[in-house]
Amino acid sequence: MGDIKERIAKRVAKEIKDGYVLNLGIGLPTLVANYLPEGVDVTVHSENGFLGLGPAPDAGKEDTYLVNAGGQYVSILPGGMFFDSATSFGIIRGKHVDASILGALEVDEKGNLANWIVPGKMVPGMGGAMDLVVGAKRVIIAMTHTAKGAPKILKKCTLPLTAVGVVNEIVTEMGVIEVTPEGLLLTELHPDYTIEQIQAVTEAELAISPNLKKMED
């Protein structure tokens with residue numbers, strides 16, 4: 001699983017452009033920061049009130065006042081800054097975040113996203129996800145293709161939605177899928193899989209790009 005998550009994170013990192021203001025969701029999306037292309041300078045935002053997050057601090061050098069929205073210890077780069085929640089969400093809602101990278105429980109063919117609750121299970125809350133997927137200029141979902149063998153890319157989400165029609169792209173260990181007005185378009189396929197194999201674990205129908213590329217690790 002570790003390698004699969006790294007594969008996804010590496011591929012998502014290729015979507016990040018120089019100068020981006022970027023928000024990384026908890027879990028797998030935080031790995032994207034480890035694989036940013038050389039020469040690409042980004043500013044990482046955290047909705048609990050930071051711009052300019054740096055890498056995780058070495059053990060023993062954590063500052064208990066510096067945690068990201070997921071409660072993980074972080075560092076601040078030179079030029080980074082702190083502010084209150086009103087300012088932080090003003091940055092998001094003002095569309096100053098270029099890309100939001102999040103995990104998902106379910107995504108469907110309309111670009112609808114469910115990623116915050118499974119009814120009956122305890123969760124800490126939606127956090128900033130609802131604002132991030134509406135306010136960011138681009139929303140990329142980084143997730144494993146299935147959960148315990150069950151499809152996570154569906155014709156229609158069954159779980160409570162985080163937001164409607166917000167997802168631009170889905171990256172899994174099997175391929176890269178673009179959300180288009182006509183449905184889901186497979187643009188890259190990892191060589192470990194065939195088109196038939198990825199469709200077999202995708203409930204929604206995948207259109208195949210005429211320019212289908214190999215997804216690289």
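The figures that follow rest on heavy atoms only: side chains count, while hydrogens, waters and symmetry mates do not. FYI, the numbering just counts along the sequence from 1. Just so it is clear, the model here is predicted, and its values are computed rather than measured.
Look at Arg7 and Asp192 and you find a salt bridge, because one of the NZ, NE, NH1 or NH2 atoms lies within 4.0 Å of a carboxylate O, short of that distance. Ion pair Arg93/Asp131 flagged as a salt bridge, since at least one NZ, NE, NH1 or NH2 atom sits closer than 4.0 Å to an Asp/Glu carboxylate oxygen.
Residue Ile26 places its CD1 atom among 12 or fewer non-hydrogen atoms of other residues, nucleotides or ligands, all under 6.0 Å distant.
The shortest side-chain heavy-atom distance between Ile141 and Val171 does not fall under the 4.5 Å cut-off. Lys121 is listed as a side-chain neighbour of Val118, based on a closest heavy-atom distance under 4.5 Å.
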Give the table of side-chain donor-acceptor pairs shorter than 3.5 Å for residues 70-77, with sequence neighbours excluded, one pair per line with atom names and distance.
from, atom 1, to, atom 2, distance (Å)
Gln72, OE1, Asn68, ND2, 3.0
Ser75, OG, Pro55, O, 2.5

Please set out all donor-acceptor pairs under 3.5 angstrom arising from side-chain atoms of residues 33-43, sequence neighbours excluded.
none

### Message
Before you tell me yes or no, could you show the steps for Asp108 and Ile153 under side-chain contact (heavy atoms from CB on, under 4.5 Å), namely the whole-Å CA-CA distance, both residues' side-chain angles and the distance that decides it to 0.1 Å?
### Response
CA-CA 5 Å; Asp108 69 25; Ile153 303 173; over 6 Å; no

### Task
Give the C-alpha distance, both sets of side-chain angles, the deciding distance and a yes or no for side-chain hydrogen bond (donor to acceptor under 3.5 Å, both in side chains) between His190 and Thr172.
CA-CA 9 Å; His190 194 275; Thr172 77; over 6 Å; no

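Put simply, the side chain of Thr146 never gets that close to the backbone of Lys148: no donor and acceptor are under 3.5 Å apart.
In this view, Glu216 and Lys14 satisfy the salt bridge (Lys or Arg N to Asp or Glu O under 4.0 Å) rule, not counting sequence neighbours. Partners of Glu188 under the side chain to side chain donor-acceptor pair (under 3.5 Å) rule, at least two apart in sequence or in another chain, are Arg11. Residues satisfying the ring-ring contact (aromatic ring centres under 6.0 Å, His included) test with Phe50, not counting sequence neighbours, are Phe82.
Under 3.5 Å, the side chains of Ser46 and Asn48 contain a donor-acceptor pair of N or O atoms.
Screening residues 151-170 for salt bridge (charged side-chain N to carboxylate O under 4.0 Å, His left out) gives Arg138-Glu169 as the qualifying pairs, with residues at least two apart or on separate chains.
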